[in-house]
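As structure tokens, the structure follows; a few thoughts come after it.
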Amino acid sequence: MNTSFRLRDARPLGSISRRRPRRAPCRDPKTAGPPGRMARTRPELERLEERRMLSTFTVTSTADSGVDTLRDAISLLNTLGGASNTINFDIGPDQQTITLLSSLPTITKQVDIEGGVVWGTSVPRVVINGGQAGSAAGLTLGAGSSGSVIQGLVIDGFLGDGIEIDSANDLVTGCYIGTNGAGTAAVPNFAHGIAVGIGISGATIGGTSAAAANIISGNAVSGISISGSCLVEGNRIGTNAAGTAAVPNYDGVTVGGSPGAAGVTIGGTSAAAANIISGNRGDGIVTSFSPTPCLVEGNLIGMNAAGTAAVPNTFDGIYVEGPGVTIGGTSAAAANIISGNGGDGIEL
């Protein structure tokens, strides 16, 4: 909050000489002195209206509620935020945990939530735990929040989804969803890790830089559930942060609903776009009743991050039920490596 003050009626003190007054005597009965004497006028402070000119909301407390908490920051964002907003954290250099006792408000304005990383590592610095939050989801990007970014958070222990995306063109990057703070063991979200809502367009999960990779593992249903158009690239889905051992979701990625004209792309033709989709208790990828294109290319499915040893999905690498799915392509870069799985590599 910016509270400003200004000086009102600030004038120099007049001469008190009876012989040579500098100006006509003041006739205001409230301030007038003896006849012929200049009135002394005293500066007064007048409080201006309170102004909140905030685009950055800083979380300095790990408490569930109160001033400068994450809950407070989201509430202020929703009521005071402008066209472009940031929530950042100043809660210490080491990894810190925010334990929620109830659901957070749905986010209704664009925001970049910047958790950051532990100094000298790629490990997210802020853990948001929902073990005591009832049936809540972790973070929900609702209508009005299009173009938001969530980065550098661990989101675990919720009975609902870790992240729900219900607005367009949002990005989730550099997060651990469903694991402990080190990305080595499951702390499950008991629904999906990330859920992209029906008909939502332009979501991006991950990226092609090492820092953009999400670890989406340990969740009770699927790591990522997609019912809108979405790009999924560069993530580790069902493994630990190193990509060397299983931290299973049930399924890795599920695609259904109505993705929209842009369709769904899982992977890409650059090496950095490859997802590691391995170690899951069900299938690596499941596509069902998708009426628009779904492209799966350039991924490692059932393998470790190096592509040298199996980290099996228990059932199929890819299970396809429904039209419009393309697996691989005509260039070497489009090839998926689908090996080591407990069922079929691909089942149509």
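Keep in mind that this is a model prediction, so the values were computed, not measured.
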Check step by step if side-chain contact (heavy atoms from CB on, under 4.5 Å) holds for Val325 and Val255.
-> CA-CA 10 Å; Val325 180; Val255 181; over 6 Å; no
Identify every side-chain donor-acceptor pair in residues 131-139 under 3.5 Å, counting partners at least two apart or on other chains, and give the distances.
none

Asn280: what forms a side-chain contact (heavy atoms from CB on, under 4.5 Å) with it, not counting sequence neighbours?
-> Asn249, Ile277, Asn313
Within a radius of less than 6.0 Å around CG of Leu101, do more than 12 heavy atoms belonging to other residues, nucleotides or ligands occur?
-> yes
Shortest non-hydrogen contact between Ala220 and Tyr250, atoms and distance = O-CB, 3.4 Å
Which residues satisfy the salt bridge (Lys or Arg N to Asp or Glu O under 4.0 Å) test with Arg125, sequence neighbours excluded?
-> none
Checking side-chain contact (heavy atoms from CB on, under 4.5 Å) against Val232, which of Asn214, Thr265, Ile194, Ile237 comes through?
-> Ile237
Take Asn88 and Thr58 through the side chain to side chain donor-acceptor pair (under 3.5 Å) test and state the conclusion after the steps.
-> CA-CA 5 Å; Asn88 59 27; Thr58 300; 2.8 Å; yes
All heavy atoms of Ala262 vs all of Ser229, minimum pair found to be CB-CB, 3.7 Å
Drop me the distance from Cys230's SG to Asp170's CG, to the nearest 0.5 angstrom.
-> 10.0 Å
Any chance the side chains of Thr86 and Asp112 put a donor and an acceptor closer than 3.5 Å?
-> no
With the 4.5 Å side-chain cut-off for hydrophobic clustering, are Ile87 and Val172 part of the same group?
-> yes
Donor-acceptor under 3.5 Å (Thr79 side chain, Ser75 main chain) = yes
Shortest non-hydrogen contact between Ala186 and Gly218, atoms and distance | CB-CA, 3.7 Å
Nearest heavy atoms of Ala274 and Gly298, plus distance in Å | CB-O, 3.0 Å
Do Ile107 and Ile74 come close enough that some side-chain heavy atom pair is under 4.5 Å?
-> yes
Let me check something: any side-chain donor-acceptor pairs from residues 151-166 under 3.5 Å, sequence neighbours excluded? List them with distances.
residue: Asp156; atom: OD1; partner: Asn129; partner atom: ND2; Å: 2.9
residue: Asp161; atom: OD1; partner: His192; partner atom: N; Å: 2.9

Heavy-atom donor-acceptor pair, Arg71 side chain to Ser103 backbone, under 3.5 Å = yes
Scanning both residues in full, the closest heavy-atom pair of Gly279 with Pro248 reads O-CB, 2.9 Å
Could you give me the CA-CA distance, side-chain angles and deciding distance for Ile205 and Val196, then say whether side-chain contact (heavy atoms from CB on, under 4.5 Å) is met?
-> CA-CA 10 Å; Ile205 300 172; Val196 179; 4.2 Å; yes
Side-chain contact test, heavy atoms from C-beta onward, threshold under 4.5 Å: evaluate it for Trp119 versus Pro93 and give yes or no.
-> no
To which residues is Ile276 joined in a hydrophobic cluster, defined by side-chain heavy-atom contacts under 4.5 Å among Ile, Leu, Val, Met, Phe, Trp and Tyr, whether direct or through other members?
-> Leu300, Met303, Ile337
Thr239 side chain to Arg236 main-chain N or O, any donor-acceptor pair under 3.5 Å?
-> no
Would Val117 and Val123 satisfy side-chain contact (heavy atoms from CB on, under 4.5 Å), going step by step from the backbone distance to the final call?
-> CA-CA 5 Å; Val117 296; Val123 176; 5.9 Å; no
Give the minimum heavy-atom separation between Thr308 and Asn304, together with the two atoms involved.
-> N-OD1, 2.8 Å
Run the numbers on Thr108 and Asn78 for side chain to side chain donor-acceptor pair (under 3.5 Å), then give the verdict.
-> CA-CA 6 Å; Thr108 59; Asn78 289 342; 3.0 Å; yes
Are the side chain of Asn341 and the backbone of Ile301 linked by a donor-acceptor contact shorter than 3.5 Å?
-> yes
When clusters are formed from ILVMFWY side-chain contacts under 4.5 Å, directly or step by step, what else is grouped with Val286?
-> Tyr319
Which value, rounded to the nearest 0.5 Å, describes the distance between Leu171 atom CG and Thr204 atom OG1?
-> 6.0 Å
Should Val311 and Val296 be counted in the same cluster of Ile, Leu, Val, Met, Phe, Trp and Tyr side chains packed under 4.5 Å apart?
-> no
Option passing side chain to side chain donor-acceptor pair (under 3.5 Å) with Ser167 (candidates Ser201, Ser148, Ser145) = Ser145
Mark yes or no for whether Thr173, through its side chain, and Ala212, through its backbone, hold a donor-acceptor pair below 3.5 Å.
-> yes
In this structure, OG of Ser55 is separated from CD of Gln110 (nearest 0.5 Å) by 10.5 Å
Roughly how far, to the nearest 0.5 Å, is the OG1 atom of Thr69 from the CZ atom of Phe57?
-> 13.0 Å
With rounding to the nearest 0.5 Å, note down the distance linking CD in Glu233 to OG1 in Thr208.
-> 5.5 Å
Ignoring hydrogens and angles, tell me if any N or O in the side chain of Thr140 forms a donor-acceptor pair with the backbone of Thr106 under 3.5 Å.
-> no
Is there a donor-acceptor pair under 3.5 Å between the side chain of Glu347 and the backbone N or O of Asp316?
-> no
Does the pair Phe89 and Ile98 meet the rule for a side-chain contact (heavy atoms from CB on, under 4.5 Å), with working shown?
-> CA-CA 11 Å; Phe89 296 81; Ile98 299 171; 4.0 Å; yes
Are Ile200 and Leu295 linked, directly or through other ILVMFWY residues, by side chains that come within less than 4.5 angstrom of each other?
-> no
Say you draw a straight line from CD1 of Ile177 to CG of Asn235; how long is it, rounded to the nearest 0.5 Å?
-> 10.0 Å
Do the side chains of Leu76 and Ile113 join up, straight or via other hydrophobic residues, at under 4.5 Å, putting them in one cluster?
-> yes
Linking I/L/V/M/F/W/Y whenever any side-chain heavy atoms sit under 4.5 Å apart, do Leu70 and Val127 land together?
-> no
